[in-house]
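Side chains included, hydrogens not; waters and symmetry mates left out as well; all remaining heavy atoms used. Everything numeric here is computed off the predicted structure, so don't read it as measured data.
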Amino acid sequence: MTAHPLGVFDVVAERYGQADFRGCAFINAMVEAADRGSETHRIARGHKLAQIQIIARVLEQAGYSPSHELACDFQLLIDGAVMGVLREGNLEPVERAKQIAARLLRL
């Protein structure tokens, strides 16, 4: 049985909904180490690229194509949801990101 791609947002909500959530450590690291040539920035960027690859595999397994472009869109929505959760103090931004992703999948 193949997982539905929108399930990635459920995983995100599970983590972002925890009381100790202070944002994405990798986004935070890129902000703090703004020098794109730094080792910290390189490692954080690598993590985000790995996430895109995982999302692309989930999309491919569910039959969506082009999976890399959609995976990049999903990652952008996820990263934006991080900031929304921090701003709003609730999971509504994750739900909104999931709804946008659902519209992307209908294309």
Practice prompt. May I ask you to test the His4-Leu105 pair for a side-chain heavy-atom distance under 4.5 Å?
Written response: yes
**OP:** Compare all side-chain heavy atoms of Val12 with those of Val82 and state whether any distance is below 4.5 angstrom.
**Re:** no
Using a 4.5 Å side-chain heavy-atom cut-off and chaining through intermediate ILVMFWY residues, the residues clustered with Met30 come out as none
Margin query: Do Val85 and Asn90 have side chains that approach each other closer than 4.5 Å (heavy atoms only, starting at C-beta)?
Written below: no
Hey, is CD on Glu95 packed in by over 12 heavy atoms from elsewhere, all under 6.0 Å? yes
query: Would you call Arg57-Glu60 a salt bridge at under 4.0 Å N-O?
result: no
(request) Check step by step if side-chain contact (heavy atoms from CB on, under 4.5 Å) holds for Lys98 and Val8. (result) CA-CA 9 Å; Lys98 184 177 181 179; Val8 300; over 6 Å; no
d(Phe9 CZ, Ile100 CD1) to nearest 0.5 Å is 8.5 Å
dist Leu49:CG -> Cys72:SG (nearest 0.5 Å) comes out at 8.0 Å
field: ILVMFWY cluster, Leu70 and Leu76 together (side-chain gap under 4.5 Å)
entry: no
- prompt: Would a hydrophobic clustering, with Ile, Leu, Val, Met, Phe, Trp and Tyr connected at side-chain separations under 4.5 Å, put Val11 with Tyr16?
  reply: no
field: Between Asn28 and Glu32: side-chain donor-acceptor atoms closer than 3.5 Å
entry: no
CD of Gln75 to CD of Gln53, rounded to nearest 0.5 Å, is 11.5 Å
*Common cluster, Phe21/Leu91, ILVMFWY with side-chain heavy-atom separation under 4.5 Å*: yes
Using a 4.5 Å cut-off on heavy atoms from C-beta on, say whether the side chain of Val58 contacts that of Tyr64.
no
Would you say that Asp79 contacts Lys48 through its side chain, given a criterion of any heavy-atom pair below 4.5 Å between the two side chains? yes
CG (Leu104) and CD (Gln99) are apart, to the nearest 0.5 Å, by 12.5 Å
Rounded to the nearest 0.5 Å, the OG atom of Ser38 sits from the CD1 atom of Ile43 at a distance of 8.5 Å
For Phe26, the ring-ring contact (aromatic ring centres under 6.0 Å, His included) test, sequence neighbours excluded, returns His47
His68 meets the ring-ring contact (aromatic ring centres under 6.0 Å, His included) criterion, sequence neighbours left out, with none
I'd like to know if Val94 and Ile54 are part of one continuous hydrophobic network [Ile/Leu/Val/Met/Phe/Trp/Tyr, side-chain heavy atoms within less than 4.5 Å].
no
Closest heavy-atom pair, Pro5 versus Leu59, reported as atoms and distance to 0.1 Å, is CB-CD2, 3.5 Å
Q.
So that I can tick it off, tell me whether Arg15 and Asp20 are bridged by a salt bridge, with the cut-off set at under 4.0 angstrom between side-chain N and carboxylate O.
A. yes
Is the shortest heavy-atom distance from the side chain of Glu88 to the side chain of Pro93 under 4.5 Å?
yes
### Query
Is Ile52 linked to Ile27 within one hydrophobic cluster, defined over Ile, Leu, Val, Met, Phe, Trp and Tyr using a side-chain heavy-atom separation of less than 4.5 Å?
no
message = Using side-chain heavy atoms (C-beta onward) and a distance below 4.5 Å, is Ile55 in contact with Ile78?
response = yes
